Amino acid sequence: MRILVTGGAGFIGSHLCELLLAEGGEVVCLDNFFTGRKENILHLMDDKRFELIRHDVIEPILLEVDQIYNLACPASPVHYQYNPVKTVKTSVMGMINMLGMAKRVKARILQASTSEVYGDPLIHPQTEDYFGNVNPIGLRSCYDEGKRVAETLMMDYHRQNGVDTRIVRIFNTYGERMLENDGRVVSNFVVQALRGEDLTIYGDGTQTRSFCYVSDLVDGLIKLMNAEADDIHQPVNIGNPSEFTMNELAEAVGRTSGKEINVRYLPLPADDPKQRRPDISRAQQLLNWNPRVPLDEGLKKTVDYFAARL
Ligand code: NAD
Ligand code: UDP
């Protein structure tokens with residue numbers, strides 16, 4: 001099996017490449033290194049079944065592969081808002097290029113969508129049939145709407161051209177190989193705790209997120225890619241339903257890092273979702289998937305990783 005992972009040098013992508021190789025696949029990792037690093041995949045370079053291509057998904061490419069995991073897209077607000085037009089191009093043109101390739105070589109394709117398609121959700125927890133509450137013109141829209149169009153393209157290529165598609169809606173995921181300056185809350189808090197800096201809580205810290213450790217997430221991605229069912233082309237939430245406020249997360253980082261924590265409250269960014277928790281019934285039924293790693297255990301591993309790096 002030849003498997004393409006776009007965004008394979010990024011945080012989630014590098015863990016996915018590693019597991020696919022361990023399971024015996026041949027892996028082609030494609031990345032433009034915007035937020036990805038060679039360092040994340042350096043340990044895979046000696047494997048004869050691993051190949052690296054520097055390429056931008058907004059340009060067409062043709063590769064003979066059996067499966068495509070399309071992860072290429074910056075995921076942190078700091079990075080996706082750096083060049084918002086490019087973010088839209090990456091999601092939309094990248095999706096069209098990858099779907100065109102999937103159609104041509106008859107590959108199965110999985111799109112890394114996001115819980116952000118639910119925007120600031122008015123139902124809680126979020127089920128896959130919820131259409132979402134997304135601002136189309138805000139600072140987060142380049143990411144949210146880009147990912148929504150990507151889902152539309154997936155469904156239309158499936159219905160119109162019979163492309164074999166899978167859509168995963170990933171909820172907040174954390175772990176080793178996040179960037180120090182990534183800007184997402186887990187890496188920010190862990191790095192700040194280790195440096196003895198104040199933890200920056202945006203707003204009053206009562207907004208919630210549900211944090212999934214990266215090994216659980218990639219396990220879910222591979223299960224979904226290889227699952228068969230009549231409604232398998234419909235989106236599937238993958239995330240850990242344990243929900244925490246940002247104040248609780250700060251405490252957990254204190255607990256797991258063994259550091260004394262001081263917090264500093266900063267203004268809440270516009271359109272920041274107030275609550276988020278996946279309903280994972282569909283993943284449980286379809287894939288027999290459940291997250292295994294509780295927050296404190298995953299945080300400990302993340303703390304150890306950043307402690308070694310800093
Ligand atoms: P990341 O920023 O670490 O990884 C993204 C990778 O894509 C990087 O290696 C980057 O260099 C590459 N990339 C970006 N634009 C590209 C382009 N135009 N062409 C080729 N490569 C490009 O982020 P991540 O957390 O690993 O996220 C991976 C995927 O999962 C993304 O699609 C993201 O939207 C999705 N996702 C992640 C989360 C999360 O919590 N981590 C949540 C929801 C969805
Ligand atoms: N956040 C925070 N401090 C930080 C970074 C983020 O309080 O240093 C908050 C942010 O406002 C949001 C939550 O943490 O409410 C999760 O932010 P992240 O960027 O990790 O993910 P997303 O908002 O995309 O879910």
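We use all heavy atoms of the structure for the numbers below, so side chains are in, but hydrogens, waters and symmetry mates are not. Keep in mind that what you see is a predicted model, and the values were worked out from it rather than measured. In listed order, ligands and their atoms are each counted from 1.
- The closest heavy-atom contact to atom 8 (O) of ligand 2, among the options I201, N172, D271, N188, comes from N188.
- The heavy atom nearest to atom 36 (N) of ligand 1, considering only F33, F11, Y143, is found in Y143.
- Look at D31 and you'll find a heavy atom under 4.0 Å from some atom of ligand 1.
- Contact of the F11 side chain with the R184 side chain is registered, since non-hydrogen atoms from C-beta on lie closer than 4.5 Å.
- Proximity to G10 (heavy-atom distance under 4.0 Å) selects the following atoms of ligand 1: 3 (O), 4 (O), 8 (C), 9 (O).
- Ranking the protein heavy atoms by distance from atom 18 (N) of ligand 1 puts D56 OD1, 2.9 Å first.
- Numbered from 1 in the order shown, with element, the atoms of ligand 2 that lie under 4.0 Å from a heavy atom of G183 read 5 (C).
- Checked by distance only, ligand 2 and V185 come closer than 3.5 Å through their nitrogen or oxygen atoms.
- Listed by number with element, the atoms of ligand 2 under 4.0 Å from a non-hydrogen atom of F189 are 3 (N).
- Residue-to-ligand polar distances keep Q192 apart from ligand 2: every N/O pair is separated by 3.5 Å or more.
- The shortest contact between atom 43 (C) of ligand 1 and any protein heavy atom is with I170 O, 3.1 Å.
- Using a 4.0 Å cut-off to heavy atoms of G36, the atoms of ligand 1 that qualify are 8 (C), 9 (O), 10 (C), 11 (O).
- Taking the ring pair (Phe, Tyr, Trp, His ring centres under 6.0 Å) definition, one finds that Y174 meets it with Y213, sequence neighbours left out.
- Annotation: atom 22 (C) of ligand 1 to nearest protein heavy atom, N32 OD1, 3.0 Å.
- Looking only at protein heavy atoms, the nearest one to atom 1 (P) of ligand 1 is T35 OG1, 3.6 Å.
- Between F34 and ligand 1, a contact under 3.5 Å exists for at least one N or O pair.
- Of the candidates D182, L221, L71, L71 brings a heavy atom nearest to atom 28 (C) of ligand 1.
- In terms of polar-atom proximity, I58 is not counted as a contact of ligand 1, lacking any N or O under 3.5 Å from an N or O of the ligand.
- Close N/O approach between S115 and ligand 1 is not found [any backbone or side-chain N/O within under 3.5 Å].
- In terms of the side-chain hydrogen bond (donor to acceptor under 3.5 Å, both in side chains) criterion, E23 has no residue partners (sequence neighbours excluded).
- For atom 23 (O) of ligand 1, the closest heavy atom belonging to the protein is A75 CB, 3.5 Å.
- K300 has no carboxylate O lying under 4.0 Å from a charged side-chain N of E297, or vice versa, which leaves the two without a salt bridge.
- Remark: D31 does not engage R54 in a salt bridge, criterion side-chain N to carboxylate O under 4.0 Å.
- Across all their heavy atoms, P60 and H55 have their closest contact at O-CE1, 3.6 Å.
- Looking at D164 and K103, no side-chain N of the basic residue comes within less than 4.0 Å of a carboxylate O on the acidic one, giving no salt bridge.
- Distance alone, capped at 3.5 Å, is enough to place a donor-acceptor pair between the N135 side chain and the I137 backbone.
- Here is the list of ligand 1 atoms found below 4.0 Å of a heavy atom in H55: 19 (N), 20 (C).
- Distances shorter than 4.0 angstrom occur between a heavy atom of K147 and an atom of ligand 1.
- Under 4.0 Å from ligand 1, the heavy atoms of N172 that appear belong solely to its backbone.
- Residues Q284 and N290 bring a donor and an acceptor atom of their side chains to less than 3.5 Å of each other.
- Using a cutoff of 4.0 Å between basic side-chain nitrogens and carboxylate oxygens, E26 and R49 are not scored as salt-bridged.
- Note on D272 versus R209: salt bridge recorded, some NZ/NE/NH1/NH2 to OD/OE distance being below 4.0 Å.
- Near R140, with a cut-off below 4.0 Å to any heavy atom, the atoms of ligand 2 are 22 (P), 23 (O), 24 (O).
- Of the heavy atoms in S113, only backbone atoms (N, CA, C, O) come closer than 4.0 Å to ligand 1.
- Looking only at side-chain heavy atoms (C-beta outward), Y202 and T200 come within less than 4.5 Å of each other.
- With 3.5 Å as the limit, one finds a donor-acceptor pair spanning the side chains of T165 and H233.
- The part of R184 lying near ligand 1 is the side chain, judged by heavy-atom distances below 4.0 Å.
- Judged purely by distance below 3.5 Å, without hydrogens or angles, the side chains of E18 and H43 pair a donor atom with an acceptor atom.
- Residues L16 and L71 have side chains in contact (heavy-atom distance under 4.5 Å, counting atoms from C-beta outward).
- Taking every non-hydrogen atom of Q207 and a distance limit under 4.0 Å, the qualifying atoms of ligand 2 come out as 9 (C), 11 (O), 15 (O).
- Ligand 2 lies within reach of E116, whose nearest heavy atom is under 4.0 Å from it.
- Listed by number with element, the atoms of ligand 1 under 4.0 Å from a non-hydrogen atom of A9 are 9 (O).
- If you number the atoms of ligand 2 from 1 as listed, the ones under 4.0 Å from a heavy atom of R184 come out as 19 (O), 20 (O).
- Taking distance alone, with nitrogen or oxygen atoms compared against 3.5 Å, K86 stays at or beyond that limit from ligand 1.
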**OP:** Apply side-chain hydrogen bond (donor to acceptor under 3.5 Å, both in side chains) to the pair R276 and N172, showing each step before the final yes or no.
**Re:** CA-CA 9 Å; R276 187 182 286 155; N172 297 62; 2.8 Å; yes
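- The closest approach between any non-hydrogen atom of G203 and ligand 2 is not below 4.0 Å.
- Looking only at atom types and distance, the side chain of E180 has no donor-acceptor partner in the side chain of S187 under 3.5 Å away.
- Residue T200 approaches ligand 2 through these ligand atoms, each under 4.0 Å from one of its heavy atoms: 2 (C), 3 (N), 4 (C), 7 (O), 8 (O).
- If you check each of A72, G146, C73, S91 against atom 5 (C) of ligand 1, the one with the closest non-hydrogen atom is C73.
- Under a 4.0 Å criterion applied to the non-hydrogen atoms of G7, ligand 1 contributes the atoms 6 (C), 7 (O), 9 (O), 12 (C).
- V65 is not listed as a side-chain neighbour of I3, based on a closest heavy-atom distance of 4.5 Å or more.
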Original post:
Can you check side-chain contact (heavy atoms from CB on, under 4.5 Å) on R177 and V214, steps first, answer last?
Top reply: CA-CA 10 Å; R177 305 198 195 122; V214 64; over 6 Å; no
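- Using a 4.0 Å cut-off to heavy atoms of M246, the atoms of ligand 2 that qualify are 13 (C), 14 (O).
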